[in-house]
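Structure first, commentary second.
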Amino acid sequence: MRKLILVLTVLMAASGCGKKIPEPENSEVAIQDVTAHKAATTVSSIRNSDEDFRVKTFVKGNSVYVECYLKNYGFSEANSEQLATVSVFIDNQKKVDMKTAAFILKDVPNGMHKIKLEILKGSGEKTGLQKEFEVHITSSI
């Protein structure tokens, strides 16, 4: 009986080691949109050749989840010289200034919207870093 348990244990361990771990998605994709069913779940990843400013977005219902990656700026008060603020424009109208790398834009109306993110220094002057992307809101879930 012990031999049978030992053989089964070895077989289970060997079969678990044989599976290949999936590699991360290709980070060289310019724009990737995935829409599931009729729900308003859209995932997009925007990445330019300049690595100074990257943005990842996720749309769920009428909320847009945004993550900003900045190379030379940060959002921590500890380094005030490189402190950044994200100005958010929806359909060319300024909505809010965000002082965090990740944030949620809530209650975005149904339809297609152009969102522009512009990075400002802590003093309020423009850095020249900006990204624009479009989102399609189809539900108010």
Side-chain angles (χ1 to χ4, degrees), residues 2-141:
R2 288 186 191 189
K3 289 182 182 179
L4 179 62
I5 293 174
L6 180 64
V7 169
L8 288 175
T9 304
V10 170
L11 287 175
M12 287 182 6
S15 67
C17 295
K19 293 185 179 181
K20 182 179 177 184
I21 298 173
E23 294 183 21
E25 293 181 16
N26 187 354
S27 61
E28 299 300 320
V29 175
I31 297 178
Q32 177 184 12
D33 289 323
V34 179
T35 305
H37 307 292
K38 291 183 180 179
T41 303
T42 304
V43 177
S44 64
S45 176
I46 300 172
R47 184 173 185 168
N48 280 349
S49 59
D50 65 336
E51 294 295 318
D52 292 340
F53 182 28
R54 292 184 292 141
V55 177
K56 288 189 177 182
T57 61
F58 175 80
V59 176
K60 183 173 183 182
N62 61 343
S63 296
V64 180
Y65 297 77
V66 180
E67 290 181 60
C68 299
Y69 300 92
L70 295 166
K71 183 176 182 180
N72 298 320
Y73 297 93
F75 297 94
S76 171
E77 299 277 336
N79 190 358
S80 61
E81 290 179 13
Q82 296 179 340
L83 188 63
T85 300
V86 181
S87 286
V88 180
F89 298 83
I90 299 177
D91 297 327
N92 295 322
Q93 293 181 359
K94 186 171 182 176
K95 292 298 181 185
V96 68
D97 285 335
M98 303 302 293
K99 297 190 181 290
T100 58
F103 52 90
I104 302 171
L105 302 173
K106 295 182 179 181
D107 300 323
V108 179
N110 286 349
M112 289 294 293
H113 300 283
K114 182 173 77 170
I115 298 178
K116 180 171 99 172
L117 306 177
E118 189 173 80
I119 304 301
L120 305 175
K121 293 181 183 179
S123 61
E125 59 183 293
K126 295 181 180 181
T127 63
L129 298 173
Q130 67 179 24
K131 294 286 182 184
E132 289 186 9
F133 56 94
E134 288 187 346
V135 294
H136 186 208
I137 307 297
T138 59
S139 175
S140 61
I141 296 174

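For the single chain, residues carry numbers from 1 onward in sequence order. Keep in mind that the numbers below use all heavy atoms, side chains included, and drop hydrogens, waters and symmetry copies. Since the model is a prediction, treat every value here as computed from it, not as a measurement.
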Could you tabulate the donor-acceptor pairs under 3.5 Å formed by side-chain atoms of residues 113-120, not counting sequence neighbours?
residue : atom : partner : partner atom : Å
H113    : ND1  : D91     : OD2          : 2.7
H113    : NE2  : P109    : O            : 2.6
K114    : NZ   : N92     : OD1          : 3.4

Rounded distance [0.5 Å steps], OG in S76 versus CD in Q82: 11.0 Å
Step by step, work out the side chain to side chain contact (heavy atoms under 4.5 Å, CB included) result for I104 and V64. CA-CA 6 Å; I104 302 171; V64 180; over 6 Å; no
Assess whether side chain to side chain contact (heavy atoms under 4.5 Å, CB included) is satisfied between R54 and C68, documenting all intermediate values. CA-CA 6 Å; R54 292 184 292 141; C68 299; over 6 Å; no
Run the side chain to side chain contact (heavy atoms under 4.5 Å, CB included) check on V55 and V66 step by step: do they pass? CA-CA 7 Å; V55 177; V66 180; 4.0 Å; yes
So do the side chains of N72 and T127 get within less than 4.5 Å of each other, counting heavy atoms only? no
Test log, rule side chain to side chain contact (heavy atoms under 4.5 Å, CB included), inputs T57 and F133: CA-CA 9 Å; T57 61; F133 56 94; 3.4 Å; yes
For a quick check under 3.5 Å, do Y65 and E67 share a side-chain donor-acceptor pair by atom type? no
Atom of F53, atom of K131 and distance for their closest heavy-atom approach: O-CE, 2.9 Å
Do you know which two heavy atoms are closest between K99 and T85, and how far apart they sit? NZ-OG1, 3.3 Å
Exercise: identify the closest heavy-atom pair between F75 and A84: CD2-O, 3.4 Å
Do V88 and D97 come within less than 4.5 Å of each other through their side chains, counting heavy atoms only? no
Taken in chain and number order and not counting sequence neighbours, the residues that satisfy side chain to side chain contact (heavy atoms under 4.5 Å, CB included) with K95 are I90, Q93
Check: V96 and F103 side chains under 4.5 Å, non-hydrogen atoms: no
For F89, give me all partners under ring pair (Phe, Tyr, Trp, His ring centres under 6.0 Å), at least two apart in sequence or on another chain. none
